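Just so it is clear, the model here is predicted, and its values are computed rather than measured. Worth knowing before you read on, the calculation uses all heavy atoms, side chains too, and leaves out hydrogens, waters and symmetry mates.
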Amino acid sequence: MRKLVVVNNPKDWDLDIEDVEVVDAQRYLTDPAYTEIKSARIFNLCRSYKYQSSGYYVSLLAEARGHRAIPNVTTIQDLKSQTIVRAITDEINETIQKSLSKLKSKNFTLSIYFGQNVAKQYEKLSKQLHDLFQAPLLRAQFVYNKEWTLESINPIPVNEVPEHHLRDLYNFAKAYFARNRFSNIRTNKKIYDLAILVNHADSDPPSNDRAIQNFIDAAESLGFYTELITKEDYRRLSEFDALFIRETTSVNHHTYRFARRAHAEGLVVIDDPVSILRCTNKVYLAELLSKAKVNIPKSMIIHRDNCCKVVAELGLPCVLKKPDSSFSQGVVKVKTEEELEEQLKEMLSESDLIIGQEFTPTDFDWRIGVLDKQPLYACKYFMAKDHWQIYNWEGKKKDVTGNFETVPFEDVPFFVLHTALKAANLIGDGLYGVDVKEIDGKAYVIEVNDNPNIDHGVEDRILKKDLYLTILKSIKRRIDSQKNLNGNEQRPS
């Protein structure tokens with residue numbers, strides 16, 4: 001992938017860095033040679049990103065050409081909105097307060113060059129701000145009123161960097177471009193770059209180590225350069241063509257920010273941010289499935305004004321679910337009115353809405369894996385020993401989960417498969433795991449998971465390595481389709 005630093009005037013950037021080309025903006029915008037480049041990373045160091053300026057058009061046309069622009073147009077627009085800036089930076093408030101706690105003044109300006117600052121004590125804050133707003137040069141303005149607040153963050157025109165910062169700027173740039181170099185670790189045979197997001201500290205990840213290696217092997221057999229990344233690699237997303245999340249997802253979590261950023265960068269993403277939003281909220285799912293007339297256990301959306309009606313509606317025992325519960329956590333069974341009152345008080349203190357469901361015990365739940373709106377695998381997940389759920393987090397270590405059985409599709413009741421597909425297809429065309437209870441010849445959807453387990457020795461027991469190949473072929477098709485679409489949009493009519 002070619003690396004181009006685009007500037008208004010080549011004199012703005014006289015640093016010679018290996019494998020990095022310096023191009024003036026007018027040439028990049030008008031020379032047909034740059035339109036024909038199939039794979040390029042554009043580092044936009046123009047003096048202004050103002051709407052309809054040449055700097056704005058560099059990032060806009062880069063995206064139209066299938067190039068990776070830093071900053072991209074989404075970031076440029078985000079930087080203009082104080083509301084978005086405040087919302088996005090809420091998550092790093094603790095770092096802001098800690099980093100600026102020793103300052104005596106009421107105002108502070110932080111200059112960020114390629115994710116770094118000339119003062120070591122602001123290294124963490126600079127990196128986190130750069131991760132959130134991926135632009136090469138940034139200036140953040142903070143004000144103090146009871147606590148420090150980010151008032152604004154704006155690009156720094158490269159020709160306005162103070163002279164006494166230039167030496168540090170060049171050192172930061174060299175380190176930055178060195179970190180973004182693939183030439184020392186990949187071969188020319190690799191046609192696409194795939195990032196697999198994992199969390200090595202997760203005690204119960206959606207894919208075990210052997211499965212992750214199988215994904216890597218499948219990807220590389222299809223021509224992918226594949227790299228495992230973690231939450232520390234947020235700034236590197238623009239290096240890749242696709243992001244495959246193999247870490248438990250949540251909206252208020254870095255997994256969602258990764259998906260959102262990757263989608264904005266034009267990457268193919270599984271799990272995509274829309275699927276994460278839809279699947280991780282049980283209130284949304286209950287409303288969606290009910291409206292589509294997909295069978296679910298008798299349910300009600302509970303709030304402070306109707307919590308007195310739960311017993312009459314659902315009976316006891318019943319099940320209460322936090323909106324963002326997963327892996328059986330945040331899901332409780334209440335047997336008495338006293339337990340119900342206690343749990344409702346606790347849950348409604350954290351969320352204005354929760355889900356209540358009729359208790360429907362079964363020996364196992366079906367899990368139907370779905371990809372591209374087609375069934376992928378089928379498993380029976382049996383309840384944990386002496387427990388009513390698949391997971392018993394309070395049980396002995398060996399009894400946390402129940403047994404499983406991977407089942408060929410011909411042995412899955414048609415109504416189970418049909419119901420699972422209907423539920424998953426309401427969400428999208430990504431990778432999903434639909435949990436279904438089979439009761440008296442009917443299928444009831446319990447939930448749709450955007451980040452289903454794919455473990456070696458479980459979900460792959462029938463398809464084996466073909467399961468991993470099927471998923472990676474889907475990712476490759478999506479990349480090819482996206483690139484073909486971008487190519488067709490560029491052709492004159």
Side-chain angles (χ1 to χ4, degrees), residues 87 90-91 206 245 248-257 259-260 271-334 339-360 365 367-368 370 388-391 393 419-428 430-437 443-452:
D90 274 350
E91 65 192 66
I245 299 177
T248 304
T249 53
S250 178
V251 173
N252 294 319
H253 193 248
H254 66 265
T255 48
Y256 176 71
R257 295 193 293 275
R260 175 183 174 275
D271 316 323
D272 64 272
V274 173
S275 292
I276 295 175
L277 279 171
R278 291 175 174 175
C279 289
T280 54
N281 192 285
K282 302 295 184 289
V283 172
Y284 174 88
L285 278 176
E287 188 78 5
L288 179 73
L289 296 173
S290 296
K291 187 175 181 181
K293 301 191 185 309
V294 175
N295 287 338
I296 61 174
K298 188 175 182 181
S299 304
M300 65 180 292
I301 296 175
I302 303 172
H303 46 80
R304 288 179 178 81
D305 294 335
N306 72 349
C307 57
C308 59
K309 300 178 182 178
V310 173
V311 176
E313 288 283 332
L314 304 176
L316 291 174
C318 68
V319 176
L320 303 179
K321 297 181 178 183
K322 292 181 179 178
D324 56 355
S325 57
S326 61
F327 293 102
S328 300
Q329 299 183 84
V331 180
V332 297
K333 181 177 73 172
V334 292
E339 286 182 1
L340 176 65
E341 184 178 350
E342 181 182 342
Q343 290 294 335
L344 285 175
K345 182 178 180 182
E346 180 181 338
M347 288 188 173
L348 289 172
S349 69
E350 298 175 9
S351 174
D352 288 342
L353 302 175
I354 63 173
I355 288 293
Q357 285 189 333
E358 182 181 22
F359 180 54
T360 52
D365 284 353
R367 165 66 65 82
I368 307 298
V370 179
W388 62 280
Q389 293 171 291
I390 294 168
Y391 292 89
W393 299 107
T419 301
L421 284 172
K422 184 175 181 180
N425 294 348
L426 289 169
I427 303 296
L431 173 63
Y432 309 109
V434 187
D435 293 341
V436 179
K437 285 188 180 292
Y444 296 84
V445 174
I446 304 303
E447 62 183 349
V448 182
N449 302 278
D450 66 283
N451 191 248

Backbone N/O of [Y] and side chain of [X]: donor-acceptor pair under 3.5 Å:
{"X": "S349", "Y": "E346", "value": "yes"}
{"X": "N306", "Y": "I301", "value": "yes"}
{"X": "N449", "Y": "P452", "value": "no"}
{"X": "R278", "Y": "I427", "value": "yes"}
{"X": "N451", "Y": "I245", "value": "yes"}

Could you go through V310 and I302, starting from their C-alpha distance and side-chain angles, then the distance that decides it, and tell me whether this counts as side-chain contact (heavy atoms from CB on, under 4.5 Å)? CA-CA 8 Å; V310 173; I302 303 172; 3.6 Å; yes

Quick one, L320 with L340, criterion side-chain contact (heavy atoms from CB on, under 4.5 Å). Give me CA distance, side-chain angles, the key distance, then yes/no. CA-CA 9 Å; L320 303 179; L340 176 65; 4.0 Å; yes

Holding to side-chain hydrogen bond (donor to acceptor under 3.5 Å, both in side chains), I want the full list of residues that pass it with [X], two or more places apart in sequence or in another chain.
{"X": "R257", "result": "E91"}
{"X": "S299", "result": "Q357"}
{"X": "Y444", "result": "none"}
{"X": "T255", "result": "H253"}

Test of understanding: with salt bridge (Lys or Arg N to Asp or Glu O under 4.0 Å), list the residues that count as partners of E350, not counting sequence neighbours. K322

Mind checking what makes side-chain contact (heavy atoms from CB on, under 4.5 Å) contact with [X], not counting sequence neighbours?
{"X": "L289", "answer": "V294, I296, A423, L426, V445"}
{"X": "A420", "answer": "I368, V434, V436"}
{"X": "E339", "answer": "V334, K335, T336"}

Going by the salt bridge (Lys or Arg N to Asp or Glu O under 4.0 Å) test, which pairs reach into residues 306-319, not counting sequence neighbours?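 Qualifying pairs, neighbours excluded: none.
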
Which residue pairs satisfy the salt bridge (Lys or Arg N to Asp or Glu O under 4.0 Å) criterion with at least one member in residues 290-308, sequence neighbours excluded? R304-D352

Starting at [atom1] of [X], measure out to [atom2] of [Y] and round the result to the nearest 0.5 Å.
{"X": "D365", "Y": "K437", "atom1": "CG", "atom2": "NZ", "answer": "3.5 Å"}
{"X": "L288", "Y": "N281", "atom1": "CG", "atom2": "CG", "answer": "11.5 Å"}
{"X": "K282", "Y": "I355", "atom1": "NZ", "atom2": "CD1", "answer": "9.5 Å"}
{"X": "C307", "Y": "E341", "atom1": "SG", "atom2": "CD", "answer": "8.5 Å"}
{"X": "M300", "Y": "I354", "atom1": "CE", "atom2": "CD1", "answer": "9.0 Å"}

Taking all non-hydrogen atoms of both residues into account, name the closest pair between [X] and [Y] and its distance.
{"X": "P297", "Y": "E358", "result": "CB-O, 4.2 Å"}
{"X": "V251", "Y": "Y256", "result": "O-CB, 3.4 Å"}
{"X": "A443", "Y": "N295", "result": "O-CB, 3.1 Å"}

Would you say the side chain of Y432 lies within less than 4.5 Å of the side chain of N425, judging by non-hydrogen atoms?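 Side chain of N425 against side chain of Y432, heavy atoms only: no contact under 4.5 Å found.
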
